[in-house]
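Residue numbers start at 1 and run along the sequence shown.
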Amino acid sequence: MQIVYSRSSTATQSLLRQRHILTEAGLLVRAEGVAEGFRTAPGVLLFEDAATTSKVPALERPGFAKLAAAANPGDTVTVSELFRLCRDLVDIHHVRAWCLARGVALRVLSGPLSNFADLAAKDATTDLLVNVITAVGQFQRDLQNELTDEGIAAAEAEGRYRGRPPALSGAMLAEVRAAFRDEGASIAALARRHGVSRVAVRTALHGLLPDQSTPARPAGMIE
């Protein structure tokens, strides 16, 4: 059995990028009339942890717990990118140990570890490369976060920080609103058409929705 795992960090973060990668690998297929426009390919199980920070270890997440209950020896767990599953060395070691104990293979579709058929394999080469590449990736993320925090702090001190611009603006914003108002296009269809999250579309449609449950994103909020 092929088992797929996806994770988003926040409620506003889209799973679209992960689903595109999984579709290219043949694990998902495009389909109209279903959530986000994708469904699993035959013989594939999909488990997701939405709005789940990477600070929560993989083995403690509810979606991964369901995955663990469904996994059997000989199955393969696949993720689009390693950081969707694990963020640090401790977590990846725990997941690899779980895979070894269950007889489950672990595969990553993109990034420097994508050439491995089984990242849970217990051999010296796999151990070394997983340790080195994961440690380097963790260092790069920590450094980037540190520089970002410093930049935001400096901009706020000078009164220049206004947050990320909206995903839909200008002509694209007008097109989305017109398609929703005049053509009856659904939020999901508009999100797929423009490659943005459904939250971004709801924000663009502020004032047009009969029940505006999602308010416009305040300035300064980062998705």
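Here the OG1-CZ distance, from T40 to F47, works out to 10.0 Å after rounding to the nearest 0.5 Å. Taking OG of S6 as the start and CG of L16 as the end, the distance is 11.0 Å to the nearest 0.5 Å. Rounding to the nearest 0.5 Å gives a distance of 6.5 Å between CG of L168 and CE of M172. Rounding to the nearest 0.5 Å gives a distance of 8.5 Å between CD of E175 and CD of E183. Going from atom CG of D118 over to atom OG1 of T76 covers 7.0 Å, rounded to the nearest 0.5 Å. Summarising the geometry, atom OG1 belonging to T78 is positioned 11.0 Å from atom CG belonging to L46; distances are rounded to the nearest 0.5 Å.
Two residues are said to be in side-chain contact when any heavy atoms from C-beta on lie closer than 4.5 Å; L209 and I187 meet this criterion. With contacts defined as side-chain heavy-atom distances shorter than 4.5 Å, the pair D91/S54 does not qualify. Two residues are said to be in side-chain contact when any heavy atoms from C-beta on lie closer than 4.5 Å; V4 and L28 fail this criterion. Within the 4.5 Å cutoff, no side-chain heavy atoms of R107 are placed close to those of F116. Contact of the R7 side chain with the L85 side chain is not registered, since no non-hydrogen atoms from C-beta on lie closer than 4.5 Å. Inter-residue side-chain proximity for R192 and R198 is flagged as unmet; no heavy-atom pair is nearer than 4.5 Å.
Judged purely by atom type and a 3.5 angstrom limit, T53 has no side-chain atom pairing as donor or acceptor with the backbone of S9. Remark: side-chain polar atoms of S110 are paired, donor with acceptor, to backbone N or O of S80 under 3.5 angstrom. The closest donor-acceptor contact from the side chain of T23 to the backbone of I21 lies at 3.5 Å or more, if one exists at all.
Looking at every heavy atom in both residues, C99 comes nearest to A120 through CB-CB, 3.5 Å. Residues A185 and F180 come closest through the heavy atom pair O-CD1, 3.3 Å. When all heavy atoms of T126 and R96 are compared, the closest pair comes out as CG2-NH2, 3.6 Å. Of all the heavy atoms in A167 and V196, the pair that sits closest is CB-CG1, 4.1 Å. Here the closest heavy-atom approach between residue S8 and residue R84 is recorded as CA-NH1, 4.3 Å. For the residue pair A41 and V29, the shortest heavy atom distance occurs at CB-CG1, 4.4 Å.
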(Q) Please evaluate residues L22 and L109 with respect to the criterion side chain to side chain contact (heavy atoms under 4.5 Å, CB included), reporting the C-alpha separation (whole Å), side-chain torsions for both, the decisive distance (0.1 Å), and the verdict. (A) CA-CA 8 Å; L22 294 166; L109 295 179; 3.6 Å; yes
Q: Check step by step if side chain to side chain contact (heavy atoms under 4.5 Å, CB included) holds for L106 and I92.
A: CA-CA 11 Å; L106 177 62; I92 186 62; 4.2 Å; yes
Q | Stepwise side chain to side chain contact (heavy atoms under 4.5 Å, CB included) check, N72 with M1 | A | CA-CA 8 Å; N72 293 298; M1 177 71 69; over 6 Å; no
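Within 6.0 Å of CZ in R102 there are more than 12 heavy atoms belonging to other residues, nucleotides or ligands. Other residues, nucleotides and ligands contribute at most 12 non-hydrogen atoms within 6.0 Å of the NE2 atom of H94.
A salt bridge (charged side-chain N to carboxylate O under 4.0 Å, His left out) check over residues 64-76, counting only residues at least two apart or in different chains, returns nothing.
Residue V79 is grouped with residue L129 when hydrophobic side chains (ILVMFWY) are merged at heavy-atom distances under 4.5 angstrom, including chains of intermediate members. Residues L173 and L205 are members of separate hydrophobic clusters, defined by side-chain heavy-atom contacts under 4.5 angstrom among Ile, Leu, Val, Met, Phe, Trp and Tyr. Placement of L82 and W98 within a single hydrophobic cluster is found when ILVMFWY residues are connected by side-chain heavy-atom separations under 4.5 Å, directly or transitively. V130 and L100 are assigned to two separate hydrophobic clusters, defined by single-linkage of ILVMFWY side chains at heavy-atom distances under 4.5 Å.
For the residue pair R177/H206, the side-chain donor-acceptor check at 3.5 Å is not satisfied.
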